[in-house]
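What follows is one structure encoded as structure tokens, with my remarks underneath.
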Amino acid sequence: MEPALEIARIAKHEGKKVALKGWVHNKRSSGKIRFVLLRDGTGIIQCVFLKEQVPEQAFELADSITQESSVEISGTVREDKRSPGGYELSGSDLKLISLAEPYPITPKEHGVDFLMKHRHLWLRSQRQFAILRIRSELIKAFHDFLDDSGFILCDTPILTPAACEGTTTLFNVDYYGEPVFLTQSGQLYNEPLCAALRKTYCLGPTFRAEKSKTRRHLTEFWMLEPEVAFLDLEGCMDLAENLVAYAVGRVLERRSPELGILERDLSKLEAVKKPFPRITYTKAVELLKSKGRNLKPGDDFGAEDETILGQSFDRPVLVHRYPAPVKAFYMKRDRSDPNLALAVDMIAPEGYGEIVGGGQREDDLKELEKRIKEHDLPRQAFEWYLDVRRYGSFPHSGFGLGIERTVAWICGVHHIRETIPFPRMLEKIYP
RNA sequence: UCCAGCGUAGCUCAACUGGUAGAGCAUCCGGCUGUUAACCGGAGGGUUACAGGUUCGACUCCUGUCGCUGGAGCCA
């Protein structure tokens, strides 16, 4: 079978007779004329059938065909301003490949629960088409940026013996009778990898068994985690800023039609230029207090705090030097104030919250041993991790970037469930 | 896990202070030669989530169960 012509490339075939394969997105009729909106996964084109110009069978089929039936349509490509997309197909024939049963998702409105139960079909809609194409572009942009910067992609394991940041939020797996966990982060593995390859990153699914039920949470989400040897906190912030600014620029450059489908306010994305504001945790608390938030020193930010912080700037803001107790055990302490961790979060504008979390890692063996003890972590499970400090320790930094939250922000979609094809959420695993 | 709200036709919703179930879309039939979520006419479609209670009478009030939505904490 020859690969069918794609609607996305139809403009190159203007005036020519072509055959398209796809699904019936919608149809309309008026007397002796039939309009079939053909969707082929790359785009949508309106096909027009006139009773006198097509075989009787084809004309009748254009009438009786059901939404999402698969068809082959032949006709002549014609520029037409009346048609969405600018091009139209003067249909000469319509052949049925498979007749669809009555399709549950109609062009009218539907509720969230209904759409989520039909997620496998919902993916065919224009909005999801746009979001998934932007997601793909964003991930491609991350790979390109890191590759061009000399990073080596290193995949980290999904089955892990120990918790990265505490055991309460892990999914358990039976591993030949041994209890192991689905990974929560590739971070601990990235650290030895960056001693081998200097600049490394991983991109993969991570799992959190948190009982979180908000628009910002999934139990399975994808995380991009770069880790760099001989990089301090400031360098880590530079990297995060460069990466995000580049990726947003790429989406603007290559996916503006999709942003248009989503009716995204482009000026909000165009503002995302370097430099991003950088404020300390202490300054951030002052800012929040000035806006009426009641925070005690040492408190971590709540969802509302993050929203306010994000809305205070027209581009992502980097908040650094957090109180050590609210951050992970492996964060290096600030030499000028040991109560502070050399950690950084990037908070997206428009209330999308934290999209990046990371910082400089503790590279002193004694300090790290102390932290493991303080956090009541199983020391033995971390021996290999401590080896990174035993054999030529070095300052290093890195972060994790949440793919879905970033996609949600760039797309301007309200809920993270739309940013991944098949979202896994609290007690929701079908389809 | 906690707090709040919701559950009526395939879908989205309506039904006053408790008075006996209704609209649009979808489906089916018919009409229309340029439709844009097309439109117009007609038809079929209901154990009002489930179980119990109060009442002459329950979609409506009460109790419980289940499901969903939004939010919180935790986090990316």
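In the text below, chain A, chain B and the rest are named by the order of the sequence lines, each starting its count at 1.
- Between A:Glu220 atom CD and B:C75 atom C1' the separation is 16 Å, expressed in whole Å.
- Across all strands, A:Lys327 comes closer than 4.0 Å to no nucleic acid atom at all (heavy-atom distances).
- Taking the C1' atom of each, B:G7 and B:A14 are spaced 15 Å apart, rounded to whole Å.
- Rounded to whole Å, the distance from CG on A:Asp300 to C1' on B:C75 is 9 Å.
- A:Leu138 meets the side-chain contact (heavy atoms from CB on, under 4.5 Å) test with A:Phe142, A:Ala247, A:Val251, A:Thr406, A:Val407, A:Ile410; sequence neighbours excluded.
- Here B:A72 presents its P atom at 10 Å from CD of A:Glu306, a figure rounded to the nearest Å.
- B:G34 and B:C39: their P atoms are spaced 16 Å apart (whole Å).
- Note on A:Arg216 versus A:Glu354: no salt bridge recorded, every NZ/NE/NH1/NH2 to OD/OE distance being 4.0 Å or above.
- Taking the P atoms as reference points, B:C59 lies 11 Å from B:C50, given to the whole Å.
- A:Glu404 places its CD atom 19 Å from the P atom of B:C75, with the value rounded to the nearest Å.
- Note: CE (A:Met331) to P (B:C75) measures 11 Å, nearest angstrom.
- Nucleotide B:U60 forms no Watson-Crick or G-U wobble pair with any nucleotide shown, as no partner meets the under 3.5 Å limit on both distances.
- Here the P atom of nucleotide B:C13 and the CZ atom of A:Phe114 are 12 Å apart, to the nearest Å.
- At a cut-off of 3.5 angstrom, the base of B:C74 holds at least one donor-acceptor pair with the side chain of A:Ser212.
- Among the atoms of the strands shown, none is found under 4.0 Å from any heavy atom of A:Leu115.
- Regarding A:Met425, its CE atom lies at a distance of 18 Å from the C1' atom of B:U1, rounded to whole Å.
- Counting any heavy atom pair closer than 4.0 Å across all strands shown, A:Asp345 reaches no nucleic acid atom.
- Pairing partner, B:U65: B:A49, with both Watson-Crick or wobble hydrogen-bond distances short of 3.5 Å.
- Side-chain contact annotation: A:Glu418 with A:Gln128, donor-acceptor N/O pair under 3.5 Å present.
- Classified by interplanar angle (parallel below 30°, tilted 30° to 60°, perpendicular above 60°), the ring pair A:Tyr330/A:Tyr385 is perpendicular.
- Considering only side-chain atoms of A:Ala303, the nucleotide from B:C11, B:A76, B:A72 that sits closest is B:A72.
- A:Phe382 and A:Phe329 have perpendicular rings, their planes meeting at more than 60° on a 0 to 90° scale where under 30° would count as parallel.
- Residue-to-nucleotide contacts include no donor-acceptor pair under 3.5 Å from the side chain of A:His110 to the base of B:C11.
- With P as the reference atom, B:G44 and B:C29 are 15 Å apart, rounded to whole Å.
- Of the C1' atoms belonging to B:C25 and B:A9, the separation is 12 Å, rounded to the nearest Å.
- If you check every strand for non-hydrogen atoms under 4.0 Å, A:Gly353 touches nothing.
- Comparing B:U60 with B:C16, their C1' atoms sit 11 Å apart, to the nearest whole Å.
- The aromatic rings of A:Trp384 and A:Tyr189 sit parallel to each other, their planes meeting at less than 30°, with 60° as the upper class boundary.
- Counting any heavy atom pair closer than 4.0 Å across all strands shown, A:Ile105 reaches no nucleic acid atom.
- Distance from the side chain of A:Asp113 is smallest to B:C68 among B:C68, B:C75, B:A26.
- Taking the C1' atom of each, B:A37 and B:G70 are spaced 27 Å apart, rounded to whole Å.
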Checklist entry - Would A:His13 and A:Tyr87 count as a ring pair (Phe, Tyr, Trp, His ring centres under 6.0 Å) if you check the C-alpha gap in whole Å, the side-chain angles of each, and the deciding distance to 0.1 Å? => result CA-CA 10 Å; A:His13 298 264; A:Tyr87 289 89; over 10 Å; no
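- Atom NZ of A:Lys213 and atom P of B:A72 are 11 Å apart (whole Å).
- With a cut-off of 3.5 Å on both pairing distances, the Watson-Crick or G-U wobble partner of B:C39 is B:G31.
- Residue A:His415 is classed as a sugar-phosphate contact, given heavy-atom separations below 4.0 Å to backbone atoms only.
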Checklist entry - Taking protein heavy atoms under 4.0 Å as touching, what does nucleotides 27-34 of chain B look like 5' to 3' if B marks base contact, S marks sugar-phosphate-only contact and - marks none? => result -----BBB
Checklist entry - Stepwise, does the side chain to side chain donor-acceptor pair (under 3.5 Å) test hold for A:Asp345 with A:Tyr322? => result CA-CA 9 Å; A:Asp345 284 355; A:Tyr322 281 79; 3.3 Å; yes
Next on the checklist: Let's go through A:Arg78 and A:Ser90 carefully: what are the C-alpha distance in whole Å and the side-chain angles of both, what is the deciding distance for side chain to side chain donor-acceptor pair (under 3.5 Å) to 0.1 Å, and is it a yes or a no?
Outcome noted: CA-CA 7 Å; A:Arg78 183 165 44 75; A:Ser90 292; 2.9 Å; yes
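- In this structure B:C25 sits in a base pair with B:G10, meeting the Watson-Crick or G-U test at under 3.5 Å.
- Residues passing the side chain to side chain donor-acceptor pair (under 3.5 Å) test with A:Glu137, sequence neighbours excluded: A:Arg250.
- Residue A:Arg215 places none of its side-chain N or O atoms closer than 4.0 Å to OP1 or OP2 of B:C75.
- Nucleic acid contact for A:Glu101: none, since no nucleic acid atom lies under 4.0 Å from a heavy atom of the residue.
- Of the C1' atoms belonging to B:A15 and B:U48, the separation is 11 Å, rounded to the nearest Å.
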